[in-house]
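Okay, so here's the structure we're looking at.
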Amino acid sequence: MRSFFNFKNKEKDFFNINLDLDCIPRHIAIIMDGNGRWAKEKRLPRTLGHKAGVETIREIVKECGNLKVKYLTLYAFSTENWKRPKEEVTALMKLLIEYLKSEIEELHMQNVVVRYIGDISRLPSICQKELEKACYKTQNNNGLVLNLALNYGGRDELTHAVKEIARDIKNNNLTVECINETIISNYLYTKDMPDPDIIIRTAGEQRLSNFLLWQCAYSEFWYTDIKWPDFKKYHLRKAIYDYQNRDRRFGGLKQE
Ligand code: IPE
Ligand code: IPE
Ligand code: MG
């Protein structure tokens, strides 16, 4: 039974929103944006914005676990983010290593399964190593799947899939006739995950920036001006609350 809390536009009141626990999105995907602007506002270096962003990751992962979300995909580094100054890229990679190292025990205790999507072969080898270590250690857990999008791009993913499909056809492992949407989905990095139910983007931009292009066909979009380091669990709850009050028709008609 869904009950509604009478909140008065105050962010902290979102804490008290009664969510319908039978209708929690199975897969939440987040474009964590605004770290740089958050830091700039405070006259801090951008790197400190990214560092503050890691704190938000901790809080949101925990809350998703509490709410029994099954998959949380976090857009951490896009195929286009290599265009940034070398120092920023290096700082981001360093933060990723630190996060994995410092957080792995806690994530394991929280029953989280760590996974990734994207072409990680371009990441520094130490990042790859820590990532594989985290995935291996948590592979038998059965709680939240924390799916990190690293050197991820939707177009890159599709290009990769097309190449694999072409290769399989050439090697007689696949026929042109049997290609359908399910087969294509099975060639993507997200092959054993459901499509995201909701895509959240922080910091005001209303674009996908090459995130989950195939998978977002029927995702609900939710944007906020809040910058990622300021995004708290009550913002997440508000996003889920709004999601629960949307009418997902998938091209059909509204259910009466
Ligand atoms: C998001 O914050 C983090 C990454 C893209 C890695 P940004 O660094 O894009 O922050 P803004 O958009 O410049 O404020
Ligand atoms: C998207 O944010 C990528 C990540 C959050 C990792 P960007 O900051 O890179 O996107 P644009 O450049 O504003 O589109
Ligand atoms: Mg940005």
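Counting starts at 1 for both ligands and their atoms, following the listed order. Keep in mind that the numbers below use all heavy atoms, side chains included, and drop hydrogens, waters and symmetry copies.
Listed by number with element, the atoms of ligand 2 under 4.0 Å from a non-hydrogen atom of Arg207 are 11 (P), 13 (O), 14 (O).
A salt bridge links Asp192 to Arg115: at least one charged side-chain nitrogen sits closer than 4.0 Å to a carboxylate oxygen. Classification of Glu98 and Lys101 as a salt-bridged pair fails, no side-chain N sitting under 4.0 Å from a carboxylate O. Salt bridge status for Lys238 with Asp242: present, with a side-chain N to carboxylate O gap under 4.0 Å.
Using a 4.0 angstrom heavy-atom cutoff, Arg201 counts as in contact with ligand 2.
If you look at ligand 1, the protein residues with a non-hydrogen atom under 4.0 Å away are Met32, Asp33, Gly34, Asn35, Gly36, Arg37, Arg46, His50, Ala76, Asn81, Arg84, Glu88, Leu92.
The stretch residues 165-180 participates, sequence neighbours left out, in these salt bridge (charged side-chain N to carboxylate O under 4.0 Å, His left out) pairs: Glu164-Arg167.
Here Trp82 pairs with Phe77 under the ring-ring contact (aromatic ring centres under 6.0 Å, His included) rule; sequence neighbours left out.
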Next on the checklist: With side-chain hydrogen bond (donor to acceptor under 3.5 Å, both in side chains) as the criterion, how do Asp195 and His27 come out once you've worked through the C-alpha distance, each side chain's angles and the decisive distance to 0.1 Å?
Outcome noted: CA-CA 7 Å; Asp195 289 341; His27 185 174; over 6 Å; no

Item to check | Full working for salt bridge (Lys or Arg N to Asp or Glu O under 4.0 Å) between Lys227 and Glu41 | outcome: CA-CA 11 Å; Lys227 296 174 186 73; Glu41 252 171 30; 2.8 Å; yes

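Other residues, nucleotides and ligands place more than 12 heavy atoms under 6.0 Å from the NZ atom of Lys42.
In this structure, CG on Leu67 lies 12.5 Å from NZ on Lys62, to the nearest 0.5 angstrom.
Judged by distance alone, the side chain of Asn151 and the main-chain N or O of Asp119 form a donor-acceptor pair under 3.5 Å.
Residue-and-atom listing of protein N/O/S atoms under 2.8 Å from the Mg ion (ligand 3), sorted by chain and number: Asp33 OD1.
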